[in-house]
*Asks:* 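Here it is, the structure, as structure tokens.
Quick caveat: nothing in here was measured; it's all calculated off a predicted structure. Residue numbers begin at 1 in each chain, while the letters A, B, ... track the order of the sequences.
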2 protein chains.
Amino acid sequence: MKDLLSVLKITVPDKIYIKDPETSDLGKRIIENSIILINEIGFESFTFKKLGTKIGSNESSIYRYFESKHKLLLYLSSWYWAWLEYQLVIETFSISDVNEKLDKAISIVTRTVEEDSTYSHINEVLLYKIIVNESSKSFLTKEVDKDNKEGYFEIYKRLITRIQEMISAVNPSFNFALSLASTIVEGSLHQHYLNEHFPSLTNCKNGETPTNFFQQLVFNSLHNGK
Amino acid sequence: MKDLLSVLKITVPDKIYIKDPETSDLGKRIIENSIILINEIGFESFTFKKLGTKIGSNESSIYRYFESKHKLLLYLSSWYWAWLEYQLVIETFSISDVNEKLDKAISIVTRTVEEDSTYSHINEVLLYKIIVNESSKSFLTKEVDKDNKEGYFEIYKRLITRIQEMISAVNPSFNFALSLASTIVEGSLHQHYLNEHFPSLTNCKNGETPTNFFQQLVFNSLHNGK
DNA sequence: GCAAATATAATAGTATTACTATCATAAATG
DNA sequence: CATTTATGATAGTAATACTATTATATTTGC
């Protein structure tokens, strides 16, 4: 799987950037170090000026890649969801049993990212932390409908749809497959967040994980009366 | 219930504000109109200067009530959760059957706020919209652990705990009561958000509500095998 | 190998933000 | 009616989130 990723390229909607950061050394340094810097100081305090200083480049050069830090966050989010979708597809592809397939899917989308692939300039462990802490800010804005029309959330939506299809395959008469899929994805990020900052609000600690929680929740729900 | 609310006062942690906005006319206008303005332009674009203009007062006067707009958001969030907790307690108090009690609790915390009480300067319908669209920003910050230590999320945590207790009363051996409680509360906000901005990611539309979804999810989960 | 195109860097400038500080005035209270 | 307290007006600051312009490298196409 990892080998495959080093050959394939994660693709994000190209309207998100002005110039594709994958096409240059500076672009890659922008992505690599923005992930590090956002983790360090948080998205609110993050600026292109600070990033420029960190990578020994100029603010104005970064603006040639992304028109705003919001677009950069959209880029990072899309990249993460594309990376996750890739894993979902590869790891569930050959599973024919629908229950087993969904079980695996839940484990993929709810697991903590703890290993950096080292095949690219992107540190997935740090990126995952940004997704947990900051990704809601990519859509909780007044411009969300405009951004959505521009297609900036396509990959995320496709991921949710894939999970919904797997849910419906297990129980075609379950009438909340989409809501359940979106709850698994956002809910697991939230449980990871709670584990870190509000441990009194989650059972996902001491060996219990969001994966256990959502697998139990989903299968009890789908294999039950109504 | 409404009558009771007009006598009781919703209390938020007093370290959130510099001066209690409930104690003056200006304070009430700050709260009333901040809710309106944040809805209009979003929390990112909202400033004390704009609010001052709107209420015919001065930026510097508003700073005498709240040290930052973040504190104001914490105030509004706490107020909402206190208001919701109040309803939860009142409306479930006299229900002795644990299943019925939990069922009612879920319906209270997941329902859309559609009616303004008109008993105060706070428009609950608009405030609810802020909670759906902006409340995550009250904790998704680098200062969350500090804010948490200061007690700014006490009411929210108490609400989750109350729901957790009701879940455990239905099924004491269920090992994810806290995670389920936090998933119901945040998850229902998210489903309301999706309904408005990403209808392709939720089944909560055309008569189906987050209430139906979570009631089904919870009871299937609690009345099942494991 | 050189001209032209392209990418990056440097600098400056702007309106706005998120405040703090100071002083003046109005309203409430004892 | 004197004094405290609340509010308003004005000014100032460092930083933000950009845009614009010009200069200098670097790459590429012929």
Side-chain angles (χ1 to χ4, degrees), chain A residues 14-34 37-38 40-76 121 134 137-138 140-143 146-147, chain B residues 14-34 37-38 40-76 121 134 137-138 140-143 146-147:
Chain A
D14 62 6
K15 286 187 74 178
I16 288 182
Y17 46 73
I18 297 169
K19 179 183 157 129
D20 186 352
E22 287 292 326
T23 61
S24 74
D25 177 66
L26 178 62
K28 285 173 192 161
R29 269 157 54 221
I30 289 172
I31 299 303
E32 177 177 9
N33 289 281
S34 67
L37 190 54
I38 290 171
E40 275 173 27
I41 63 178
F43 186 66
E44 272 71 42
S45 298
F46 170 85
T47 69
F48 282 178
K49 184 154 203 192
K50 289 173 187 167
L51 179 59
T53 303
K54 192 180 182 79
I55 64 179
S57 175
N58 200 277
E59 197 188 2
S60 62
S61 302
I62 300 167
Y63 274 105
R64 290 218 184 71
Y65 286 83
F66 294 100
E67 73 179 59
S68 66
K69 70 174 184 173
H70 181 243
K71 285 282 174 73
L72 173 60
L73 182 61
L74 285 169
Y75 180 92
L76 296 177
H121 50 290
E134 318 281 3
K137 298 168 191 167
S138 70
L140 292 178
T141 69
K142 274 282 161 183
E143 295 76 37
K146 196 178 119 286
D147 287 354
Chain B
D14 63 6
K15 286 187 74 178
I16 288 183
Y17 46 74
I18 297 169
K19 180 185 158 134
D20 187 351
E22 287 293 324
T23 61
S24 74
D25 177 66
L26 178 62
K28 286 175 191 159
R29 270 157 54 223
I30 288 172
I31 299 304
E32 177 178 11
N33 289 280
S34 67
L37 190 53
I38 290 172
E40 275 173 26
I41 64 177
F43 186 66
E44 272 71 42
S45 299
F46 171 85
T47 69
F48 282 179
K49 184 155 205 191
K50 289 174 187 167
L51 178 60
T53 304
K54 192 179 181 81
I55 65 179
S57 176
N58 200 277
E59 197 188 2
S60 61
S61 302
I62 299 167
Y63 274 104
R64 291 217 186 73
Y65 286 83
F66 294 100
E67 72 179 59
S68 65
K69 69 174 185 173
H70 181 243
K71 284 283 175 71
L72 173 58
L73 183 61
L74 285 169
Y75 179 93
L76 296 177
H121 50 289
E134 317 282 3
K137 297 167 192 168
S138 71
L140 293 178
T141 69
K142 274 281 161 182
E143 295 77 37
K146 196 178 119 284
D147 287 354

*Asks:* Rounded to whole angstrom units, what separation is found between the CD atom of B:E22 and the C1' atom of D:dA6?
*Replies:*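 It is 17 Å, rounded to the nearest whole Å.
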*Asks:* For DNA chain D, which residues in residues 47-55 of chain B have a heavy atom at a distance below 4.0 Å?
*Replies:* none
*Asks:* Take the protein atom CZ of B:R29 and the nucleotide atom P of D:dA6, then report the distance between them rounded to whole Å.
*Replies:*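 Computing the B:R29:CZ to D:dA6:P distance gives 16 Å.
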*Asks:* Please collect all ring pair (Phe, Tyr, Trp, His ring centres under 6.0 Å) contacts where either partner lies in residues 42-62 of chain A, sequence neighbours excluded, each pair once.
*Replies:* A:F48-A:Y63
*Asks:* Run the salt bridge (Lys or Arg N to Asp or Glu O under 4.0 Å) test against B:K49 and tell me which residues pass, sequence neighbours left out.
*Replies:* none
*Asks:* Can you measure A:F46 atom CZ to D:dA17 atom C1' for me and round it to whole angstrom units?
*Replies:*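 Going from CZ in A:F46 over to C1' in D:dA17 covers 12 Å.
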*Asks:* Hey, does B:L76 have a side-chain heavy atom less than 4.5 Å from the side chain of B:I38?
*Replies:* yes
*Asks:* With heavy-atom distances below 4.5 Å as the criterion, would you say the side chains of A:L73 and A:F66 are in contact?
*Replies:*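 No. Closest side-chain heavy atoms not under 4.5 Å.
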*Asks:* Is it true that B:E134 and B:K137 make a salt bridge, defined as a side-chain N closer than 4.0 Å to a carboxylate O?
*Replies:* yes
*Asks:* Considering residues at least two apart in sequence or located in another chain, which fulfil the salt bridge (Lys or Arg N to Asp or Glu O under 4.0 Å) criterion with A:K54?
*Replies:*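 Here the qualifying residues are A:E40.
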*Asks:* Which parts of residues 57-71 of chain A get close to DNA chain C, meaning a heavy atom less than 4.0 angstrom away?
*Replies:* A:S57, A:N58, A:S60, A:S61, A:R64, A:Y65
*Asks:* Test of understanding: with side chain to side chain contact (heavy atoms under 4.5 Å, CB included), list the residues that count as partners of B:R64, not counting sequence neighbours.
*Replies:* B:S61
*Asks:* Residues two or more places apart in sequence or in another chain: which of them pass salt bridge (Lys or Arg N to Asp or Glu O under 4.0 Å) with A:E67?
*Replies:*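 Applying salt bridge (Lys or Arg N to Asp or Glu O under 4.0 Å) to A:E67 gives A:K71.
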*Asks:* Distance check needed: D:dC18 C1' versus A:L72 CG, whole Å only.
*Replies:*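 The distance from CG of A:L72 to C1' of D:dC18 comes to 15 Å, rounded to the nearest Å.
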*Asks:* Provide, to the nearest angstrom, the distance between the CD1 atom belonging to B:I18 and the P atom belonging to C:dA21.
*Replies:*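 For the pair B:I18 CD1 and C:dA21 P, the rounded distance is 12 Å.
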*Asks:* Just jot down the side chain to side chain contact (heavy atoms under 4.5 Å, CB included) partners of B:S60, sequence neighbours excluded, or say none.
*Replies:*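 B:S60 satisfies side chain to side chain contact (heavy atoms under 4.5 Å, CB included) with B:N58 only.
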*Asks:* Within a strict 4.5 Å, meaning less than it, do heavy atoms of the A:R29 and A:S57 side chains meet?
*Replies:* yes
*Asks:* Restricting to side chain to side chain contact (heavy atoms under 4.5 Å, CB included), what partner residues turn up for B:K19, sequence neighbours left out?
*Replies:*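 Listed in chain order: B:T23, B:S24, B:Y65.
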*Asks:* Tell me: CD1 of A:I30 to C1' of C:dA7, nearest whole Å?
*Replies:*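 Going from A:I30 (CD1) to C:dA7 (C1'), I get 12 Å.
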*Asks:* How is the base pairing of DNA chain C summarised as a dot-bracket string, given the Watson-Crick and G-U wobble criteria with both distances under 3.5 Å, [ ] for crossing and | for another strand?
*Replies:* ||||||||||||||||||||||||||||||
*Asks:* Can you tell me the distance, in whole Å, between the CG atom of B:L26 and the P atom of C:dA26?
*Replies:*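 That distance rounds to 17 Å.
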*Asks:* How close do B:E44 and A:L140 get, counting heavy atoms only, and between which atoms?
*Replies:* OE1-O, 4.1 Å
*Asks:* Can you list everything that forms a salt bridge (Lys or Arg N to Asp or Glu O under 4.0 Å) with B:E59? Sequence neighbours excluded, please.
*Replies:*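 So B:E59 forms no salt bridge (Lys or Arg N to Asp or Glu O under 4.0 Å) with any residue.
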*Asks:* Below 3.5 Å is the cut-off: list the nitrogen or oxygen pairs between protein and nucleotides 28-30 of chain C, distance only.
*Replies:*
none

